[in-house]
Engineer: 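Following this message is one structure expressed as structure tokens.
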4 protein chains.
Amino acid sequence: MPDTQDGKATAAPSRPVGRPRRSQQALLDAAAEVFVESGVDAPVREIATKAGVGVGTVYRHFPTRSELVVAVYRHQVEACAEAGPRLLVESATPEDALRTWVALFVDFLVTKHGLADALHGDAAGSDALHAYFVGRLVPVSSSLLAAARADVGPTNDEPALDGYNLLKGVGNLCIGAASDSGYDADRLVQALISGALTP
Amino acid sequence: MPDTQDGKATAAPSRPVGRPRRSQQALLDAAAEVFVESGVDAPVREIATKAGVGVGTVYRHFPTRSELVVAVYRHQVEACAEAGPRLLVESATPEDALRTWVALFVDFLVTKHGLADALHGDAAGSDALHAYFVGRLVPVSSSLLAAARADVGPTNDEPALDGYNLLKGVGNLCIGAASDSGYDADRLVQALISGALTP
Amino acid sequence: MPDTQDGKATAAPSRPVGRPRRSQQALLDAAAEVFVESGVDAPVREIATKAGVGVGTVYRHFPTRSELVVAVYRHQVEACAEAGPRLLVESATPEDALRTWVALFVDFLVTKHGLADALHGDAAGSDALHAYFVGRLVPVSSSLLAAARADVGPTNDEPALDGYNLLKGVGNLCIGAASDSGYDADRLVQALISGALTP
Amino acid sequence: MPDTQDGKATAAPSRPVGRPRRSQQALLDAAAEVFVESGVDAPVREIATKAGVGVGTVYRHFPTRSELVVAVYRHQVEACAEAGPRLLVESATPEDALRTWVALFVDFLVTKHGLADALHGDAAGSDALHAYFVGRLVPVSSSLLAAARADVGPTNDEPALDGYNLLKGVGNLCIGAASDSGYDADRLVQALISGALTP
DNA sequence: TATGAATGAGTTTTCATTCAT
DNA sequence: AATGAATGAAAACTCATTCAT
């Protein structure tokens with residue numbers, strides 16, 4: 001029984017309309033803020049209000065929540081992805097590159113409260129987000145990990161940890177980090193790297 | 001099995017009359033089932049129905065969802081907690097004990113759909129659950145970790161990883177494991193241990 | 001992106017709860033009234049308000065709009081269905097029986113504003129209603145029509161009009177009858193019968 | 001075909017400049033298409049998109065949905081209206097003329113998905129549509145009906161069926177015909193005519 | 001003239017939670 | 001003690017309509 005807005009539902013809006021462009025960015029900024037405060041599952045209404053627009057406007061620009069989330073974090077994901085190859089060149093050792101890159105990623109996830117939570121594909125609508133993260137970052141984590149492993153020589157874990165598991169593992173380790181001062185995601189992640197590179 | 005009597009409530013009752021826990025147990029059984037099927041966030045109504053009682057009854061026994069979850073998993077958490085000291089004695093090395101115990105914990109977490117998700121204290125109402133897990137298991141993980149560290153000698157991480165971080169880290173690594181066949185929580189956890197014990 | 005009512009959505013209702021039974025009937029009465037005023041597509045909220053209950057209560061009793069509509073009109077549909085065989089016995093001729101029965105049906109449909117509109121299965125959610133009407137009344141209309149045809153002798157229309165077409169035709173002829181004083185559904189329907197029985 | 005020029009707008013323009021109707025026609029074509037696909041209740045946006053114009057343009061040309069619908073079907077309604085007198089002359093009997101004309105009307109209504117539904121004046125905003133149909137076609141149906149009645153001699157229905165009732169009755173009988181293969185609007189309509197002309 | 005961004009009311013549906021019986 | 005009816009806040013999503021540009 002979806003709806004169908006028949007004649008009855010027609011009523012002129014109380015106050016006029018028509019503010020122009022610029023909404024897109026206002027929306028992105030507002031969403032980023034709200035995501036930090038309430039997580040990526042925050043009500044659309046909340047975002048709209050914060051942005052000073054109507055909910056319809058949010059839906060116009062980002063028909064699904066995923067698209068909004070992806071848009072909000074695209075810049076940072078891109079930056080993170082691009083940092084990988086660069087670090088490999090600039091760092092003293094591949095292991096350093098990997099550690100630095102991962103720290104970058106952790107910082108990103110921890111700063112954006114709720115992002116880590118949204119990263120595992122369970123939540124409805126965060127699938128696109130998950131896919132985007134995985135698609136963009138797994139290749140990077142894979143190559144950094146491979147380089148580091150090659151550099152430290154044979155390790156003791158046979159079917160070696162792959163880039164996907166590393167990325168998701170790191171992502172998971174960041175969950176709740178922002179709100180729990182006794183929890184040190186960074187240290188855990190570095191320990192995980194150490195473990196992955198143990199000869 | 002709504003009629004299952006509490007295992008040790010037989011013989012001459014030491015307490016006055018002693019036979020309340022009837023729906024209590026039915027509730028626990030039902031909740032356990034539902035948690036497996038639909039996760040720990042399943043509607044209360046679903047649990048009540050499965051148990052053959054009214055929702056009011058659920059609330060009477062377990063005013064908050066947390067209390068219900070805690071009750072459901074208490075047995076297993078206890079078993080896990082008690083396994084710690086025993087493993088320390090039985091295992092060849094403290095590291096073995098730690099690894100085995102953590103694997104036990106991982107198994108528990110991964111088997112119970114959604115438990116790992118509920119474990120980090122973000123969600124309103126899961127605080128009691130979180131507190132119970134932490135209160136009961138952190139001492140165990142701490143002592144196992146300490147023993148293992150003592151055994152392997154000095155490690156390279158200065159303010160060493162503590163039992164709380166280990167427990168929560170492991171918990172986080174288990175998130176989503178059940179629904180993602182490409183994700184290997186166990187391997188990640190073992191790598192984490194390796195990292196924590198790297199000289 | 002259905003929903004999922006997480007912790008955040010939990011807020012104690014401002015005013016208490018728990019009025020007992022009797023809602024069912026209040027609901028039915030209210031719905032009947034609202035259907036007359038606004039058609040069977042009236043917002044659920046409107047019905048709930050008129051009945052003095054919350055929307056949840058409506059959904060509890062009638063999970064789909066169809067079930068509500070069917071419940072509202074069941075009595076009258078039953079009465080109509082049962083009148084068929086009786087009229088066949090009591091009337092002077094089968095044609096009289098048919099005409100009287102159809103007039104009964106018309107009266108029913110026209111009185112309940114919007115019922116005729118809902119009768120054709122297009123509207124979302126009125127499928128069950130449609131099925132109920134058809135299932136219950138087509139057999140009646142069929143037998144009355146057959147009896148009348150048998151009585152008047154051979155007619156000029158070869159593949160004779162069947163009970164289904166008669167019922168739906170009559171139903172359609174009643175659409176809008178209540179709100180258009182210049183439109184005489186009854187006369188049209190009687191003409192239709194005449195046409196169906198023309199030798 | 002957005003560039004299709006209005007058929008008779010060629011030659012030397014008798015009016016000042018005369019070449020506005022451009023998007024007007026594109027709109028009409030698009031609306032016709034959309035009406036067939038999604039019914040006359042299709043979202044305005046859909047029509048605008050199909051026509052390659054903004055919604056504002058639709059509103060500029062057709063402030064109400066009715067006006068759009070009327071415009072879309074004007075040609076065909078005109079054709080139908082003009083067919084009446086012609087059929088009266090060309091047909092063997094006035095009854096034949098009436099039957100043929102009504103069949104024409106039925107064909108028109110059934111082909112246009114949702115048109116029959118929109119024809120009864122209930123829905124807000126379809127008033128203009130209703131008025132146009134009635135204003136244009138009732139005179140035709142009246143005269144054809146009158147001629148047929150005069151030809152068959154006295155009938156048994158006292159206040160005889162008028163052209164308005166005939167037209168609306170036929171319209172109603174067409175509702176849902178397109179989507180229900182078991183429903184034969186044409187046969188019903190012919191039966192109705194038979195009934196109206198029964199001596 | 002045309003555009004289309006913006007608006008926001010309106011509707012459905014789900015559940016946690018209370019409390020009269 | 002148990003029950004489950006009742007409540008109503010919430011959240012998603014759709015579209016008709018306006019109006020700044």
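Chain A is the first sequence line, chain B the second, and so forth, proteins listed ahead of strands; every chain is numbered from 1. Since the model is a prediction, treat every value here as computed from it, not as a measurement.
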Engineer: Out of E:dT12, F:dT18, F:dC13, which has the shortest distance to the side chain of D:Val55?
Structural biologist: F:dT18
Engineer: Taking the nucleotide of DNA chain F with the closest heavy atom to each, which residue, C:Val58 or B:Val53, is nearer the 5' end?
Structural biologist: B:Val53
Engineer: Compare every heavy atom of D:Pro63 with every heavy atom of D:Arg60, then report the nearest pair and how far apart it is.
Structural biologist: O-CD, 4.3 Å
Engineer: Look at the side-chain N and O atoms of C:Arg45 and state whether any lies under 4.0 Å from the OP1 or OP2 oxygen of E:dT12.
Structural biologist: no
Engineer: If you compare every side-chain N and O of D:His61 against the phosphate oxygens of E:dT1 (OP1, OP2), does one of them come in below 4.0 Å?
Structural biologist: no
Engineer: Taking CZ from D:Arg65 and C1' from F:dA16, how many angstroms apart are they, rounded to a whole number?
Structural biologist: 9 Å
Engineer: Of all the nucleotides listed (E:dT13, E:dA2, F:dA16), which has the minimum atom distance to the side chain of C:Tyr59?
Structural biologist: E:dT13
Engineer: Within this structure, what is the CZ-to-C1' distance between A:Phe62 and F:dC13, rounded to whole angstrom?
Structural biologist: 17 Å
Engineer: Report the distance from atom CG of D:Asp41 to atom P of F:dA16, rounded to the nearest whole Å.
Structural biologist: 9 Å
Engineer: Dot-bracket for DNA chain E, please. Rules: Watson-Crick or G-U, both distances under 3.5 Å, ( ) within the strand, [ ] when a pair crosses earlier ones, | for another strand, . otherwise.
Structural biologist: .||||||||||||||||||||
Engineer: Does a side-chain N or O of D:Arg60 approach OP1 or OP2 of E:dT1 to a distance below 4.0 Å, or not?
Structural biologist: no
Engineer: Determine whether D:Glu67 and D:Thr64 satisfy the following criterion, side-chain hydrogen bond (donor to acceptor under 3.5 Å, both in side chains), listing intermediate values before the conclusion.
Structural biologist: CA-CA 5 Å; D:Glu67 289 168 77; D:Thr64 71; 3.0 Å; yes
Engineer: Give, for atom CD1 of B:Ile47 and atom CD of B:Glu33, the distance between the pair rounded to the nearest 0.5 Å.
Structural biologist: 11.0 Å
